[in-house]
Amino acid sequence: MMGRFKQILMMTLSGFCFFGQTLFVSATAGISIGAMYDVLNSETQSMSKRIYNSGDSTAFVRVELLEIHPGDKNTSQEIPLKEVTGNVLEKNRLIVTPLRLIIPPGGFQAVRILWPGDRTTERYFRIRFIPVAPKADDDFGLDKKALEKHSQDMKAGVNILAGYGSILIVQPDKPVFNSVIKAESPKVITIQNNGNTTISLNKIRECKNANTGCGPYSRRFVLPGRTYSMNKKSGYQTNFTLIEGNNQRKFSD
């Protein structure tokens, strides 16, 4: 699936538009996934992520996995992950377990995210959490009685269940950070990522003075080999924090 791949995104990873799917179903479950992006750094092979149900009925959630391949000219390709290639188990695949979640009202369930494969270069994945209405033989393991009860509960009222997607960055095993920040002109600041792993520009904000007359915060991500140009507003100071792994640097111009 081809999608528009922007160089830098607010609350997305350099062109990876976060998945949002809205389903009109009869239920009062509502899920949230916490952070919209996660990072497996070079020293981490796995992590846990909590999926919450803020509603008052049980949430049945299906998990879908896609790998994102950044392309040229602001494009990307998203490919569903394969567990088996031919008759061989695919080693270079993201493992998320479980792939079916049953979350009680007001509760949460954790999924385990594991990358056991090659880490020569940075890789990117989209993890989708999609609320569904359970059916027979759909791996949720509900018997006929439970399915009938859930169906009756759903008929009580019509609500909206929204599905969400997060982006996972798998850093290379030997990350290199080499960010170059330049004032190309009085109106433009450029941040060039010459390293091999994604950097983050946090708390970007324009202020008339040191901490007054400020606009809202924003965040940008810059993939390896990419450049982000930040237009400066006349009469304002531009502030941001550069995040390179565990290191932070503050800038004002």
Consider only side-chain N and O atoms of Gln192 and Asn194, and report whether a donor and an acceptor are under 3.5 Å apart. yes
Is there a path of hydrophobic side-chain contacts, each under 4.5 Å between heavy atoms of I, L, V, M, F, W or Y residues, that connects Val176 with Ile181? no
Would you say Asn178 and Asn196 make side-chain contact, with heavy atoms under 4.5 Å? no
What pairs with Glu67 under salt bridge (Lys or Arg N to Asp or Glu O under 4.0 Å), at least two apart in sequence or on another chain? Arg123
For Lys232, salt bridge (Lys or Arg N to Asp or Glu O under 4.0 Å) partners two or more places apart: Asp253
Nearest heavy-atom contact between Arg119 and Thr44 is NH1-O, 2.6 Å
Going hydrophobic residue to hydrophobic residue with side-chain gaps under 4.5 angstrom, can you get from Leu40 over to Ile95? no
Note: Ile243 and Gln248 closest approach over all heavy atoms is CD1-CG, 3.3 Å
Atom pairs and distances, side-chain donor-acceptor, residues 103-117, under 3.5 Å, sequence neighbours left out:
residue : atom : partner : partner atom : Å
Gln109  : OE1  : Ile102  : N            : 3.2
Arg112  : NH1  : Ser48   : OG           : 2.7
Arg112  : NH2  : Ser46   : OG           : 2.9
Trp115  : NE1  : Gly117  : O            : 3.4
Trp115  : NE1  : Asp118  : O            : 3.1

Val170, Met36: one ILVMFWY side-chain cluster at the under-4.5 Å cut-off? yes
Measure the spacing between CD of Glu78 and CG of Leu65 and express it to the nearest 0.5 Å. 12.0 Å
Taking the hydrophobic residues Ile, Leu, Val, Met, Phe, Trp and Tyr, and joining any pair whose side-chain heavy atoms are under 4.5 Å apart, which ones share a cluster with Val188? none
Aromatic ring proximity, centroids under 6.0 angstrom, Phe129 and Tyr164: no
Taking Tyr228 as the starting point, is it possible to reach Val180 by hopping between hydrophobic residues whose side chains are less than 4.5 Å apart? no
The side-chain hydrogen bond (donor to acceptor under 3.5 Å, both in side chains) partners of Ser42 (sequence neighbours excluded) come to none
Check whether the side chains of Asn202 and Arg219 place a donor and an acceptor atom closer than 3.5 Å, and report yes or no. yes
Quick one: side chain to side chain contact (heavy atoms under 4.5 Å, CB included) partners of Asp38, sequence neighbours excluded? Ala35, Met47, Lys49, Ser166, Leu168
Partners of Ser234 by side-chain hydrogen bond (donor to acceptor under 3.5 Å, both in side chains), sequence neighbours excluded? none
If the condition is side chain to side chain contact (heavy atoms under 4.5 Å, CB included), which residues does Ser32 pass it with, not counting sequence neighbours? Tyr52
Restricting to side chain to side chain contact (heavy atoms under 4.5 Å, CB included), what partner residues turn up for Lys233, sequence neighbours left out? Glu206, Tyr236
Which residues pass the side chain to side chain contact (heavy atoms under 4.5 Å, CB included) test with Lys203, not counting sequence neighbours? Tyr217
Atom CZ in Phe240, atom CD1 in Ile204: separation rounded to 0.5 Å? 7.5 Å
Correct closest heavy-atom pair for Pro172 and Thr120 would be CB-O, 3.8 Å
Would you say Glu122 and Thr197 are linked by a side-chain donor-acceptor pair, where the criterion is simply a distance under 3.5 Å? yes
Per the ring-ring contact (aromatic ring centres under 6.0 Å, His included) rule, what does the pair list look like for residues 177-196, sequence neighbours excluded? none
Examine Tyr37 together with Phe221 and report whether their ring centres are nearer than 6.0 Å. yes
Mind checking side-chain hydrogen bond (donor to acceptor under 3.5 Å, both in side chains) for Ser179 and listing every partner two or more places apart, or none if nothing turns up? Glu244
